[in-house]
Amino acid sequence: MKPEMNDEKLTAYVLGELEEEGRRAVEEALETDEIARRTVAELRTTVKLAEEALAPAEPPALTDAQREEIERRAQAAPARKPAWVWWGAAAAALLVIVAIGAAGGIAVLGKAKQAEHRSFDSDQKFFSPIFLDETASMETDVATRPEGANVVLGGARKASLARGRHSVDLLKQIDGRPGWTDVPDKSDWAGHDTEAYDHIVDNPFLAVAQNPLSTFSIDVDTASYSNVRRFLSQESMPPKDSVRIEEMVNYFSYDYAPPKGPDPFSVHVEVAQSPWSPGHRLARIGLKGREVEASARPPSNLVFLLDVSGSMTPPSKLGLLKKALKMLVGQLDERDRIAIAVYAGASGLVLPSTSCDDREAILDALSRLEAGGSTNGGEGIELAYETATKNFITGGVNRVILATDGDFNVGTTSQGDLQRLIEKKAETGVFLTVLGFGMGNLKDATLEKLADKGNGNYAYIDSLAEARKVLVEEMGGTLVTIAKDVKIQVEFNPERVHAFRLIGYENRLLAAEDFNDDTKDAGEIGAGHTVTALYEIVPAGQDVDLPGVDPLKYQKPMGKTGAAASGELFTLKLRYKMPDGDTSKLIERPVTDIGESWAEASNDFRFAAAVAGFGMLLRDSSFKGTATYASILALAEKALGEDPRGYRKELLGLVSSAKKLSGK
C-alpha cells in the first residue's frame with residue numbers, strides 16, 4: 001500500500017526519524033511521485049540551511065595583545081567587587097574580543113545570550129538582532145548601538161513567521177520581553193538613506209474625444225509591494241514614489257482561467273461600479289500565462305550575478321541573498337546548470353557553469369562569498385552575459401539573475417549607459433531577473449529600469465518568506481518566459497465613454513504608434529503569471545474635471561463610425577511575440593458593459609481594486625475619491641476569497657498599519 005506523502009511523513013524521512021519499514025515505503029513511493037521528490041529535495045536544502053545557521057561559531061583564538069589587555073584590565077580592577085560584577089566585566093571583555101575577531105561577520109546567538117546583552121552599558125559593543133527568519137534563528141551583526149536597540153520583526157515578518165512551524169511559541173517568547181519591540185531601530189541606517197526612486201505622476205483622466213487610445217506595456221514586477229511592506233513593517237510610511245500601483249496589484253495571483261487555444265496566455269475583462277467613485281465604472285483586464293509542469297520545464301542555463309561590494313555587507317543583504325539563492329538551487333535538477341559571477345571593485349567568476357547534479361559545489365561557492373570593495377556593476381554584467389552566452393541552451397531557459405542593492409559606483413555608473421548595455425545584451429536571447437536587497441541604500445529606480453530593458457522581472461527580497469515566494473513558489477514565472485514584448489492597446493467608444501484613467505503603469509506608457517512597431521520593447525509574461533490592469537471610466541454624459549483644449553484652426557475632429565452605435569464600451573487589443581520570435585501576433589476583443597454592480601463583481605476583481613485603492617492612499621493621489629484606509633480595509637476583508645498562503649490576509653495588516661501611521 002502506498003503511504004500518504006504528506007509534509008509530516010516526508011519531513012520525518014529527511015530527518016531520519018522513520019523506522020526501517022516506513023523509510024523503505026517512502027523511498028519506493030518517491031520513485032514514482034515527482035512532487036514528493038521535489039518536496040524532499042527542498043526539505044533537505046532547508047535542513048542544510050538551518051544547520052548552517054545554527055552551527056556554533058568556532059571561537060577565535062586570542063592574540064598576545066588581546067591576552068595582555070585582559071590581564072592588564074583584571075589587575076587594574078578594584079578589589080572586593082561583587083561576583084556579578086566580575087562576570088559582567090568578563091562578558092564585556094569577551095564581547096570586545098569577539099567583535100574584533102568577527103570583523104563584521106555573522107553570529108547566531110541563543111535567546112539567553114541576547115538577554116544578557118541587554119545588561120551592558122550603552123557605550124559597549126554588543127551583537128544586536130537584525131532579523132528573524134523562518135528557521136527561527138537570530139542573525140546578528142557586530143555593531144555599536146545604544147541600550148534597547150530593537151529587533152526587526154514587523155507585522156509582515158510576523159505573518160511570514162506565523163506560516164512556519166513552532167512559530168507561535170517563538171513569537172510568544174519574543175513579544176513582551178523587556179527591550180524587544182516590533183519596530184526596527186533605524187539607527188543602523190540613519191544618515192545613510194540614499195534610496196533612489198523615480199518621480200511618479202499619476203495618470204490623469206483623458207477625454208476620449210481627444211485621446212481615444214490608451215497604450216502601455218504589461219508589467220509583472222512585484223518589487224514595489226514588498227518594499228512598501230518593508231517600510232510599514234518598520235512603522236514608517238513609504239515614500240510616495242516607491243509606490244507603483246501596478247506592482248502592488250500584480251504581487252497577488254488571481255484565479256483567471258488558463259489559456260485553451262494556441263496563445264500562451266488567456267485574456268479576461270470585467271466591468272463594475274467603481275468603489276471610490278460610485279458614478280464611475282471600473283474595468284479590469286486580466287491575463288493568465290500558461291502553466292508549465294515541473295517535469296516539462298525546459299533545462300536552465302543560469303548565471304548568478306552577485307553584488308559583493310561593501311554596501312552589501314549587512315546580513316539583510318548578502319546574508320539573505322545567499323540563503324535565497326540556496327532555496328532556488330534546491331528546486332533545480334540535473335537538467336540545469338549554474339554559474340556564479342561576482343563583482344565589487346572588479347568582477348570574477350567564482351563558479352564556472354556547473355551541473356546541478358553537483359549541488360554541493362554550488363552551495364559551497366555561495367557559502368564562501370564575502371562582501372567588500374566598491375561596485376563595478378558594468379564589468380560584472382559583461383562577464384555574466386558572456387558566461388551565459390558561452391553556455392547557451394537552445395530551447396532552454398537562458399537567464400542572468402542579478403542580485404544587488406543597485407549601488408553601482410565604479411565603471412559604467414550612469415543609468416543611460418547601464419540601460420543601453422542591458423538592452424544590447426538582451427538581444428543575445430539571454431533574459432534578466434533582478435533581485436533587490438537591503439534598506440537605506442536601495443537604488444530602486446536603477447533596478448526597475450534594468451529589469452525592464454533586460455526582458456525580465458524585478459522583485460524586492462525583504463525576507464526568507466519573500467525569497468520562497470519568488471524563487472520557489474513562483475519559480476516557473478520567474479525563470480520561464482512564455483511571451484515577450486506584450487503590449488496592450490484599448491480604444492474607447494466615445495458613445496459610451498467620456499473619459500478614462502489608467503491606474504498605475506505610469507512608467508510603462510507607450511505612444512499609440514508603438515503598438516504596431518515590433519522594434520519597440522515591452523514586457524514579458526512568465527509561466528503561470530497573472531497580469532492585471534485597471535481603468536477608471538467616466539461614462540458618456542457625466543462631467544469630470546478635465547483640462548480644456550482649444551478648438552483646432554485647420555481641421556475638425558473626425559466623425560464617429562458606425563461601430564460607435566454597437567454598444568461596446570471599448571475594444572481591447574494585445575500584441576505579443578514568442579520568446580524566440582521577432583514578429584508579433586495580434587489578439588483583439590470587443591468589450592461591453594452589462595451594468596454589473598460592485599456587489600456583483602468577483603472576489604478577485606474587488607480585491608485587486610482594494611489593492612489599487614490602498615496604493616492611491618499611500619500616494620495620497622488626487623484620484624482616490626471617497627477611498628479611506630477604513631473603507632479599503634473593509635473592501636479587502638470581504639474579498640479575500642481563497643488565500644492558502646495568507647498573502648491577502650497580510651495586506652489587511654499593512655492597511656491597518658498605514659491607517660495608524662497616517663492618523664487617518
Heavy-atom side-chain contact between Phe614 and Met248 under 4.5 Å = yes
Hey, are the side chains of Leu282 and Phe605 touching, using non-hydrogen atoms and a 4.5 Å cut-off?
-> yes
Between Ser217 (side chain) and Gly523 (backbone), is there a donor-acceptor pair under 3.5 Å?
-> yes
Evaluate the criterion side chain to side chain contact (heavy atoms under 4.5 Å, CB included) for residue pair Leu287 and Leu574; output intermediate values, then yes/no.
-> CA-CA 10 Å; Leu287 312 182; Leu574 300 100; 3.6 Å; yes
Could you tell me if the ring centre of Phe252 sits under 6.0 Å from that of Tyr225?
-> yes
Would you tell me whether Asn391 and Asn301 have side-chain atoms, one donor and one acceptor, within less than 3.5 Å of each other?
-> no
Parallel, tilted or perpendicular: rings of Tyr505 and Phe216 (30°, 60°) | tilted
Asp219 (side chain) donor-acceptor with Asp221 (main chain) under 3.5 angstrom = yes
Quick one: do the Thr481 and Arg399 side chains pair a donor with an acceptor below 3.5 Å?
-> yes
Where the side chain of Lys288 meets the backbone of Thr530, is there a donor-acceptor pair that is under 3.5 Å apart?
-> no
Are Leu402 and Leu306 close enough that some pair of their side-chain heavy atoms sits under 4.5 Å apart?
-> no
Side-chain contact, heavy-atom cut-off 4.5 Å: Ile200 with Arg619?
-> yes
Are side-chain heavy atoms of Ser656 and Leu633 found at a separation under 4.5 Å?
-> yes
Donor-acceptor contact below 3.5 Å, side chain Arg337 vs main chain Ser353 | yes
Hey, are Glu642 and Arg648 close enough for a salt bridge, meaning a charged N less than 4.0 Å from a carboxylate O?
-> no
With a 3.5 Å cut-off and no angle check, do the side chains of Ser602 and Glu270 form a donor-acceptor pair?
-> yes
Please confirm whether the backbone N or O of Thr532 pairs with a side-chain atom of Asn250, one donor and one acceptor, at under 3.5 Å?
-> yes
Within the side chain of Asp336, is there an N or O that forms a donor-acceptor pair under 3.5 Å with the backbone of Ser300?
-> yes
Side chain Lys484, main chain Gly581, donor-acceptor under 3.5 Å = yes
Indicate whether the side chain of Tyr458 and that of Asp444 have a donor and an acceptor atom separated by less than 3.5 Å.
-> yes
Okay, side chain of Ser355, backbone of Asp357: is any donor-acceptor separation there less than 3.5 Å?
-> yes
Please answer whether the main-chain N or O of Leu479 pairs with a side-chain N or O of Arg297 as donor and acceptor at a distance below 3.5 Å.
-> no
Is it the case that Asp462 and Ser226 place a side-chain donor and acceptor less than 3.5 Å from each other?
-> no
Does the side chain of Asn227 pick up a donor-acceptor pair with the side chain of Glu247 at under 3.5 Å?
-> no
Tyr576 and Phe265 aromatic ring geometry - parallel, tilted or perpendicular at 30°/60° bounds | perpendicular
Verdict with supporting geometry, Lys317 and Thr404, side chain to side chain contact (heavy atoms under 4.5 Å, CB included) | CA-CA 8 Å; Lys317 294 188 180 183; Thr404 177; over 6 Å; no
With the side chain counted from C-beta on, respond yes when Leu652 and Glu637 share a heavy-atom pair under 4.5 Å apart, and no when they do not.
-> yes
Using a 4.5 Å cut-off on heavy atoms from C-beta on, say whether the side chain of Val470 contacts that of Thr433.
-> no
To the nearest 0.5 angstrom, please state how far the CG atom of Asp604 sits from the CZ atom of Arg606.
-> 9.5 Å
Is Asp521 close to Asp485 at the side-chain level, that is, under 4.5 Å between some pair of heavy atoms?
-> yes
Within 45 degrees of the axis of the six-membered ring of Tyr251 and under 6.0 Å from its centre: does Lys469 put its NZ or CZ there?
-> yes
Residue pair Gly477 / His529: nearest heavy atoms and the distance that separates them | O-CE1, 3.2 Å
With rounding to the nearest 0.5 Å, note down the distance linking CD in Glu448 to CG in Asp452.
-> 6.0 Å
Main-chain N/O of Ala257 paired with Ser266 side-chain donor or acceptor, under 3.5 Å | yes
Does a salt bridge link Glu195 with Lys443, judged by any charged N lying under 4.0 Å from a carboxylate O?
-> no
The reported gap from CG in Leu471 to NZ in Lys326 (rounded to nearest 0.5 angstrom) is 14.0 Å
Determine whether the side chains of Tyr460 and Arg229 contain a donor N or O and an acceptor N or O closer than 3.5 Å.
-> no
